[in-house]
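Take a look at the structure below.
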Amino acid sequence: MRYLTAEFAKPTLKGGEERLPTNKELAVLLDVSPGTVQAILRKMAKEGRIRSQRGSGTYLVANVEPPTRIVRVGIGASLQKLHDPDGWISRIGGGIFQAALSQQALLEGVSNAEARPEAMIEELMEKKAKLDALILLPYSAVTRHKLLIDSYENDGKPVVHIHPPSLTSTANFTSTGFLGAGYALAQAWKNTGRKRVLFFTTVCQGGEQRSTVSDQLRHAGLLSGLGLQNSTSLRACESVNHESTQEAGYLTIQRLLARGGEIPDAVYCSGDWLALGALQAFREAGIRVPEEVSIVGACGMNLSQTICPDLTRTRNNLERVGQEAVEMVIRRIRLGGIPLPGVVVPTSFMGGATTRAQENELLEINRAQHGRPKIRAAA
């Protein structure tokens, strides 16, 4: 770090960039391990002090003084939406507000909380002249989204996404670890003998509604962890009414059981409320959870007033996702809009009541602080 910082401060770098030696060359030059070089470069990339270009190399970026004026950041949603009581968006919003306060940035959302994507895009295009950058929340892509993003970026106004906008995205986003969570869960199920895994989401491939990128990443993580990339053993299931409600989860599993045949022995739900509905349906059918089937939700909501407060589910640091988005957009402004590597905030697991003890151990769920998990009787 001292070596790179000294190189970074060289007068010859005024307004320019300098190509760094390869990782191997740096390791030999400084007599450190390649892992140390990689760790330092990751840190500097996050700070926007280096950039990597495939096939060309890694470049040191000249230091750019932070702007002295107030930065105005547009949000691709109403600010009211960031207080949505569902817990997911409001927690990301909490991180955004906290980081904006510390960075002395002003936030401006769209005026209509219920605005459709087309209306949101039109309003953000109209506001572009008075905004310095843009943060986009997860959205169902429409053609004009690309026009919006390109218009801002071409005018030197950086755009940062909450969650990657596509499976191939590598830069300008912050996200929770959808892929890693799916992989870890699949590994736990594979190592404990679960064989019939069901991925339960609110949308389906081939229908009017397309799978979200986050669900595609969860699905890919499951496939990879189970070693089933080219297999049909991992089944997919869509909800009856395309909603993430407990009723949708209940009705869908009820319909699945009515068809007969083998029942799944592990279910990963894209939402915690879907998982609660699935739990209710399995239990009413006399199928024991977690002995016969494990159920895991993917959101990490507060379920203290539900039938299963300790439902097994992912723990997502959503506040940090929001904070990282603001910090990334500020860094991009200060660095003249250059792309920055995407930031993936790792996930863990919590609860433990709907997965077996051996699975909980593999998922590193600490249940001691909560006492013995309980499943409440349905009202």
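Predicted, not measured: the structure shown is a model, and the values here were computed from it. Starting from 1, each residue takes its place in the sequence as its number.
Between V296 and E359 there is no side-chain heavy-atom pair separated by less than 4.5 Å. Between H145 and I121 the shortest side-chain heavy-atom distance falls below 4.5 Å. A 4.5 Å side-chain heavy-atom check between Q187 and L362 finds every atom pair outside the cut-off. Between E364 and S348 there is no side-chain heavy-atom pair separated by less than 4.5 Å. At a threshold of 4.5 Å between non-hydrogen side-chain atoms, the residues F282 and T354 do not count as touching.
The backbone N or O of D265 lies less than 3.5 Å from a partner atom in the side chain of R194, making a donor-acceptor pair. Put simply, the side chain of R332 gets close to the backbone of G337: a donor and an acceptor are under 3.5 Å apart. At least one donor-acceptor pair closer than 3.5 Å links the side chain of R356 to the backbone N or O of T192. Using a distance-only test at 3.5 Å, with no hydrogens or angles considered, no donor-acceptor pair links the side chain of Q103 to the main chain of E327. Checking side-chain atoms of T355 against main-chain N and O of S294 turns up no donor-acceptor pair under 3.5 Å. Using a distance-only test at 3.5 Å, with no hydrogens or angles considered, no donor-acceptor pair links the side chain of T252 to the main chain of G249. Although no hydrogens or angles enter the test, the distance criterion places a donor-acceptor pair under 3.5 Å between the side chain of R91 and the main chain of N316. In this structure a side-chain-to-backbone donor-acceptor pair under 3.5 Å is missing from D132 to V71. Of the possible polar contacts, one joining the D272 side chain to the C299 backbone as a donor-acceptor pair under 3.5 Å is found. With R196 contributing its side chain and I263 its backbone, the two residues share a donor-acceptor pair below 3.5 Å.
For the atom pair F200 CZ and I253 CD1, the distance stands at 5.0 Å (nearest 0.5 Å). Put simply, CG on L29 and OG1 on T22 are 10.0 Å apart, with the number rounded to the nearest 0.5 Å. Atoms CD1 and CE, on I333 and M328 in that order, are 12.5 Å from each other to the nearest 0.5 Å. Here CD of Q98 is found 8.5 Å from CD of E319. Values are rounded to the nearest 0.5 Å. Note: L101 CG to L106 CG = 10.5 Å, rounded to the nearest 0.5 Å. Here the straight-line distance linking atom CD1 of I75 with atom CE of M120 works out to 11.0 Å at 0.5 Å rounding.
Grouping the Ile, Leu, Val, Met, Phe, Trp and Tyr side chains by contacts below 4.5 angstrom, directly or via other members, places V344 apart from L222. With hydrophobic clusters built from ILVMFWY side chains whose heavy atoms lie under 4.5 angstrom apart, V32 shares a cluster with I40. Under the 4.5 Å side-chain heavy-atom criterion for ILVMFWY residues, no single connected hydrophobic cluster contains both F173 and L179. In the hydrophobic clustering of ILVMFWY residues, with side-chain heavy atoms under 4.5 Å counting as a link, L107 and I89 come out together. Hydrophobic cluster membership is shared by L335 and V73, with clusters built from Ile, Leu, Val, Met, Phe, Trp and Tyr side chains linked at under 4.5 angstrom.
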| task | Any chance you could lay out the side-chain contact (heavy atoms from CB on, under 4.5 Å) test for L217 and L167, step after step, and finish with the verdict? | result | CA-CA 7 Å; L217 290 169; L167 283 177; 3.5 Å; yes
| query | Does the side-chain contact (heavy atoms from CB on, under 4.5 Å) test come out yes or no for I295 and T312, once each step is laid out? | reply | CA-CA 7 Å; I295 300 175; T312 303; over 6 Å; no
| From CA spacing to verdict: side-chain contact (heavy atoms from CB on, under 4.5 Å), L134, K157 | CA-CA 7 Å; L134 190 61; K157 299 172 184 286; over 6 Å; no
| field | Test log, rule side-chain contact (heavy atoms from CB on, under 4.5 Å), inputs F178 and V213 | value | CA-CA 9 Å; F178 301 113; V213 173; over 6 Å; no
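Nearest heavy atoms, L279 versus C308: CD2-CB, 3.6 Å. Here the shortest heavy-atom pairing between A353 and P290 reads O-CD, 3.8 Å. The minimum heavy-atom distance linking P339 with N172 is given by the pair CA-OD1, 3.4 Å. When all heavy atoms of V110 and K127 are compared, the closest pair comes out as CA-NZ, 4.1 Å. Minimum interatomic distance between P264 and L198 (heavy atoms only, all atoms of both residues): CB-CB, 3.9 Å. Contact between A133 and V329 at its shortest, heavy atoms only, is CB-CG2, 3.3 Å.
By the 6.0 Å contact criterion, CD on E292 is enclosed, its count of non-hydrogen atoms from other residues, nucleotides or ligands being greater than 12.
Q246 and Y250 share no side-chain donor-acceptor pair at under 3.5 Å.
Relative ring orientation between F199 and Y268 is described as tilted, the plane-to-plane angle lying within the 30° to 60° band.
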